Amino acid sequence: KLAQVVSGDLDEVASRYRVLLREAVLQRVSHATAAHMSGGMDSTSICLLALDLICAGNGRPPLHSLSLVYDRLPTLARERSYIDSVLSAERKGLVGHRVVADDILHFGILLDPPAHDEPFAGLWAMGPDRALIDKAAELGITALLTGMGADDLLDMWPNHLADLLHRGRLIRAWREAGAWAKARNSTPWRILRLFGLAHAFPSLRHGLRELIPATVRGGRLRKLDDWSIPPWIRPDFVNRYSLSARIGENISRLYRRGFTTPASLALHSIERRVGDRYRNMLAAPKGIALSHPFLDPRVVSFALGLQQRRPSPSEQTKPVLVEAMRDVLPPNIRDRRDKRSFNEVYYLGLSRNRLGLEAMIMQAPIDDLEMIDKDILTRSLEEAALGVADPRSLQRLNVTLSLIAWLSAQPQWQRRSNDPTHSIRLQMQ
């Protein structure tokens with residue numbers, strides 16, 4: 001069930017949130033604790049709350065902070081100053097560890113994946129996390145805290161515009177889009193398109209797309225979205241398993257009847273976290289308890305209540321966390337307006353690992369599934385490596401490569417691919 005709508009002014013709400021978050025961190029500190037600290041507001045908040053608790057006698061000092069740093073990637077190299085602003089303050093009880101990550105790129109892990117018993121859509125991006133957890137294991141850490149979950153529940157975007165459009169409140173939606181555009185240095189039309197139209201009628205847009213023949217729609221990577229069937233999925237497979245109808249079902253699960261659009265999106269984000277693969281694939285085998293205080297049930301319940309409030313336009317994407325951590329975070333982190341993307345790690349990873357990924361695709365024992373056209377997939381991979389599409393448009397490619405990596409590692413598929421009689425028996429079934 002959803003939490004009740006959170007009431008009160010920003011100062012009161014932030015104070016209540018800080019108490020809950022501090023309790024969540026307190027419950028997770030251990031006799032050998034580390035915290036991931038990227039230099040962003042989320043992870044730094046958890047790190048400094050944990051430090052304060054440990055210095056107060058909870059858990060055993062010191063607290064270790066783990067940070068990925070970059071020297072040769074121009075955009076991400078600028079994050080080092082935020083990390084240094086915490087570590088250079090000579091905080092008692094804090095030992096900082098910097099892991100140079102210029103060569104820890106996305107997709108490389110697909111060529112050497114950790115053992116996992118089920119497919120994981122985010123496998124392609126696990127390389128940096130594996131490096132951090134390996135460092136934690138080297139230090140003898142037993143509990144590793146992260147800032148995961150804050151983006152899902154604390155980001156305040158005008159997704160309620162979709163609900164205004166549903167109710168036909170077009171003029172009000174346009175006015176609120178204008179107010180948000182002013183606060184976020186954007187345009188009313190862009191705000192309305194991204195947060196109103198994108199969420200208001202997904203089923204209708206999906207239905208209209210299906211009326212257009214695939215040969216007309218084309219399969220360009222830059223045109224793929226969350227509801228697209230990528231061009232490398234064979235048409236017979238699409239029809240046999242009714243993939244278009246399944247997309248419609250997924251849309252219904254995401255945008256739930258009886259819930260506001262912000263609440264529906266927040267609930268979906270929580271559901272995606274069920275069965276923490278980072279915990280069971282990377283941390284648990286090394287004896288590390290991987291914990292996410294922002295996903296503590298008490299914190300999540302309160303944050304869901306926040307999502308049911310109609311947010312006021314603000315320059316800050318997480319105004320509640322900013323106020324809650326006002327006297328904890330360094331000003332340069334608390335007041336920062338930008339957030340570095342990991343496009344460098346993404347596209348460099350695609351480019352440097354492309355040949356290995358192509359070999360993985362062509363050697364994958366998946367022909368019997370009659371699901372993937374390997375030639376189209378490899379051409380799409382080559383196109384993606386050129387950087388012609390936004391990473392969001394490439395989610396279907398990421399998921400497919402992660403699936404192939406899992407299938408290629410399964411003994412039953414390897415045995416089937418080496419069995420010359422398997423294809424004959426499959427045809428006889």
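If you're wondering where the values come from, they're calculated on a predicted model, not measured in any experiment.
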Mind running side chain to side chain contact (heavy atoms under 4.5 Å, CB included) on R72 and D103 for me, showing each step along the way?
CA-CA 9 Å; R72 303 193 306 274; D103 295 317; 2.7 Å; yes
One thing to verify: whether R246 and E249 come together as a salt bridge, which I'm taking to mean a side-chain N less than 4.0 angstrom from a carboxylate O. no
Are any of the side-chain nitrogens in R18 or D327 under 4.0 Å away from the carboxylate oxygens of its partner? yes
| query | When you check the side-chain N and O atoms of T146 and H36, is any donor under 3.5 Å from an acceptor? | reply | no
Subject >> Side-chain ion pair, R16 and D11, N-O less than 4.0 Å >> reply: no
### Message
Is it the case that the ring center of W124 lies less than 6.0 angstrom away from the ring center of Y346?
### Response
yes
Review point. Taking 4.0 angstrom as the limit, do E323 and R326 come out as a salt bridge?
Key: yes
_Just by distance, no angles: are the side chains of T400 and W232 close enough, under 3.5 Å, to form a donor-acceptor pair?_
yes
Next item on the list: Output yes when R298 and E23 qualify as a salt bridge under the 4.0 Å nitrogen-oxygen rule, no when they do not.
Entry: yes
Q.
Measuring only between side-chain heavy atoms, which start at C-beta, is D112 closer than 4.5 Å to R130?
A. yes
SB check D296 R28 (cutoff 4.0 Å): yes
*Check the pair T33 / I54 against side chain to side chain contact (heavy atoms under 4.5 Å, CB included), numbers first and verdict last.*
CA-CA 9 Å; T33 306; I54 289 175; 4.2 Å; yes
Is there a side chain to side chain donor-acceptor pair (under 3.5 Å) between W157 and T317? Walk through the geometry before answering. CA-CA 7 Å; W157 300 102; T317 57; over 6 Å; no
Under the 3.5 angstrom rule, does the side chain of N353 hit a backbone N or O of G356 as a donor-acceptor pair? no
Exercise for the section: Take R169 and D163, measure what salt bridge (Lys or Arg N to Asp or Glu O under 4.0 Å) needs, and give me the verdict at the end. Expected result: CA-CA 9 Å; R169 307 288 296 275; D163 300 319; over 6 Å; no
Parallel, tilted or perpendicular, judged at 30° and 60°: which one describes the rings of Y278 and F120?
perpendicular
Check: H292/D276 side-chain N/O donor and acceptor closer than 3.5 Å: yes
Can you find a pair of side-chain heavy atoms, one from M41 and one from K318, that are under 4.5 Å apart? yes
TODO: I would like to know whether I247 and I251 meet side chain to side chain contact (heavy atoms under 4.5 Å, CB included); could you show each step before the answer?
DONE: CA-CA 6 Å; I247 290 175; I251 290 174; 4.2 Å; yes
Charged N to carboxylate O below 4.0 Å: is that the case for E176 and K182?
-> no
*asked:* Assess, by modelled atom type and distance only, whether the side chains of T261 and N159 contain a donor and an acceptor separated by less than 3.5 Å.
replied: no
Margin query: Side chains of L397 and L377, heavy atoms from C-beta outward: is any pair under 4.5 Å?
Written below: yes
Query - Worked check of side chain to side chain contact (heavy atoms under 4.5 Å, CB included) between V69 and E79 - result: CA-CA 7 Å; V69 296; E79 291 296 294; over 6 Å; no
Checking E383 against R379 for the salt bridge (Lys or Arg N to Asp or Glu O under 4.0 Å) test, could you report, in this order, the C-alpha distance in whole Å, the side-chain angles of both residues, the deciding distance, and whether it holds?
CA-CA 6 Å; E383 181 182 349; R379 289 200 299 271; over 6 Å; no
**Prompt:** Taking it one step at a time, do D84 and R98 satisfy salt bridge (Lys or Arg N to Asp or Glu O under 4.0 Å)?
**Reply:** CA-CA 10 Å; D84 291 343; R98 299 173 177 86; 2.9 Å; yes
